> 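Got a structure for you, questions after.
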Amino acid sequence: MMLLSRFWYAILAVLAGFAVYASMLAVGQFNRASVKGANETIADDSNVVQWDIQIDSRRRIDALMVLALDKGIQDSLLGALDKEKIPAKSRTDAAHALATLQDKIPAQYKPDAIFVVDRDGRVIAETGFPAADKFDDFELGGYSSVNDVLHGWLRDDTWVWGKQIYRVAARPVEYDIAQPPVGAIVGVRALDKRFAQALVKDTNTNVVFYANGEKVAGAGLDGFDDSQLEAIVPELPKLDS
């Protein structure tokens, strides 16, 4: 009788072991499915945000056409063409044209700062970025996107200046289709909370921007705790390695 009892104990122990194994297996499968589902959701949301930013950039490039076609800006760039030093008249005329025309850009796509760049990449006039006026040789031609525009392409880009991220839209200024562009119009828009809020509205997902190991700006859907956007910040330095 005692031997029979021990036998049943052994059977129960084996069954209990199988039950624990099955439970652990089920938990593992559930966790893997959850991680996979979360990764797919993040990937889908990231694609939607990327598409929205690309569409926004294209519209910002189109909005700069009113400046690129302006004769005052074209003449100011022609006046600086092949000059070792930018003529004061070119600077004055370009600045006047910017001041006159910037309000013709739709408010939704109006840049925070606009630069008129000559064929050598030098900034001959700006609005919204007065720090450029402190340097006679301030230039943007070293950026690959601006260099491409000076060769006739339309370009958008993302720049990090200091602790701020900017979306860039640029288009060439052409006065003769048989000649290379005489310069470029470059508009920059800060990726701030207002920009993030617009993305949230368009994409129906939480959005946050990080740069140099810090959170720059972000926004969440209604009811989302924005403090959760800080959770990843301690992990950002690990990205480099």
Side-chain angles (χ1 to χ4, degrees), residues 26-64 102-115 126-132 140 143-146 154-171 185-241:
V27 170
Q29 290 177 332
F30 176 79
N31 288 338
R32 284 192 292 273
S34 297
V35 171
K36 181 181 179 181
N39 288 339
E40 290 177 349
T41 298
I42 291 174
D44 290 342
D45 288 345
S46 296
N47 285 335
V48 172
V49 170
Q50 182 179 359
W51 294 332
D52 191 78
I53 289 177
Q54 288 175 341
I55 292 171
D56 178 81
S57 295
R58 178 63 206 211
R59 291 172 177 169
R60 291 181 184 279
I61 291 173
D62 291 343
L64 295 177
Q102 62 175 322
D103 288 338
K104 294 185 178 182
I105 298 176
Q108 183 179 357
Y109 302 113
K110 187 175 181 179
D112 292 329
I114 306 173
F115 303 91
E126 60 74 30
T127 181
F129 198 83
L140 297 176
Y143 289 96
S144 59
S145 51
V146 176
L154 303 175
R155 285 291 183 263
D156 66 278
D157 203 353
T158 301
W159 296 347
V160 179
W161 286 349
K163 295 183 179 180
Q164 181 60 61
I165 307 174
Y166 292 91
R167 281 297 295 165
V168 181
R171 67 178 306 123
I185 302 294
V186 180
V188 299
R189 171 71 172 89
L191 296 191
D192 53 15
K193 187 175 181 64
R194 188 161 56 91
F195 190 96
Q197 289 172 332
L199 279 179
V200 169
K201 183 179 179 181
D202 289 344
T203 62
N204 196 39
T205 188
N206 304 318
V207 176
V208 62
F209 303 108
Y210 301 96
N212 297 325
E214 297 181 11
K215 173 191 166 188
V216 175
L221 297 166
D222 290 342
F224 179 77
D225 182 4
D226 286 358
S227 64
Q228 294 185 43
L229 300 177
E230 304 286 350
I232 197 176
V233 172
E235 304 297 320
L236 292 176
K238 301 177 183 178
L239 292 176
D240 292 336
S241 58

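Keep in mind the model is a prediction, meaning the values are calculated, not measured.
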> Rounded at 0.5 Å granularity, tell me how far CG in N47 sits from CG in D52.
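With rounding to 0.5 Å, CG (N47) is 12.5 Å from CG (D52).
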> So, taking the atom named CZ in F224 and the one named CG in L221, what distance separates them when rounded to the nearest 0.5 Å?
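Output value for this atom pair is 8.0 Å.
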> Can V49 and V207 be said to form a side chain to side chain contact (heavy atoms under 4.5 Å, CB included), step by step?
CA-CA 8 Å; V49 170; V207 176; 4.1 Å; yes
> What are the two closest heavy atoms between V216 and L191, and how far apart are they?
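Scanning both residues completely, I find the closest heavy atoms to be CG1-O, 4.0 Å.
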> Just by modelled atom types, is the I61 backbone N or O under 3.5 Å from a matching donor or acceptor in the R171 side chain?
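Yes, R171 side chain to I61 backbone: donor-acceptor pair under 3.5 Å.
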> Side chain to side chain contact (heavy atoms under 4.5 Å, CB included) between D56 and Y109: does it pass, once the steps are laid out?
CA-CA 8 Å; D56 178 81; Y109 302 113; 3.6 Å; yes
> In Å, rounded to the nearest 0.5 Å, how long is the span from CG of L64 to CD1 of I185?
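Here the interatomic distance stands at 7.0 Å.
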> Within the supplied structure, the quantity of interest is the number of heavy atoms (other residues, nucleotides, ligands) at a distance under 6.0 Å from K193 NZ; does it exceed 12?
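Atom NZ in K193 is crowded, with more than 12 foreign heavy atoms closer than 6.0 Å.
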> What are the two closest heavy atoms between N206 and G220, and how far apart are they?
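Heavy atoms of N206 and G220 come nearest at OD1-CA, 3.2 Å.
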> Side-chain donor-acceptor contacts of residues 194-201 below 3.5 Å, not counting sequence neighbours, with atom names and distances?
none

> Distance check, rounded to the nearest 0.5 Å: I114 atom CD1 versus Q102 atom CD?
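Answer rounded to 0.5 Å: 5.5 Å.
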> A side-chain contact here means heavy atoms from C-beta on lying under 4.5 Å apart; do V168 and R155 qualify?
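A side-chain contact is absent here, since even the closest heavy-atom pair is not under 4.5 Å.
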> Output yes when a side-chain donor or acceptor of D156 lies under 3.5 Å from a complementary backbone atom of S57, and no otherwise.
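A pair under 3.5 Å: no.
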> Supply the atom-to-atom distance I105 CD1 to R60 CZ, rounded to the nearest 0.5 angstrom.
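I105 CD1 to R60 CZ: 10.0 Å, rounded to 0.5 Å.
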> What distance separates Y166 OH from R189 CZ, expressed to the nearest 0.5 Å?
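If we round to the nearest 0.5 Å, Y166:OH and R189:CZ are 10.0 Å apart.
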> What pairs with D157 under side chain to side chain donor-acceptor pair (under 3.5 Å), at least two apart in sequence or on another chain?
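Only S145, W159 meet the side chain to side chain donor-acceptor pair (under 3.5 Å) criterion with D157.
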> Would a 4.5 Å heavy-atom cut-off, applied to side chains only, mark N212 and V160 as touching?
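The answer is yes; the side chains approach within 4.5 Å.
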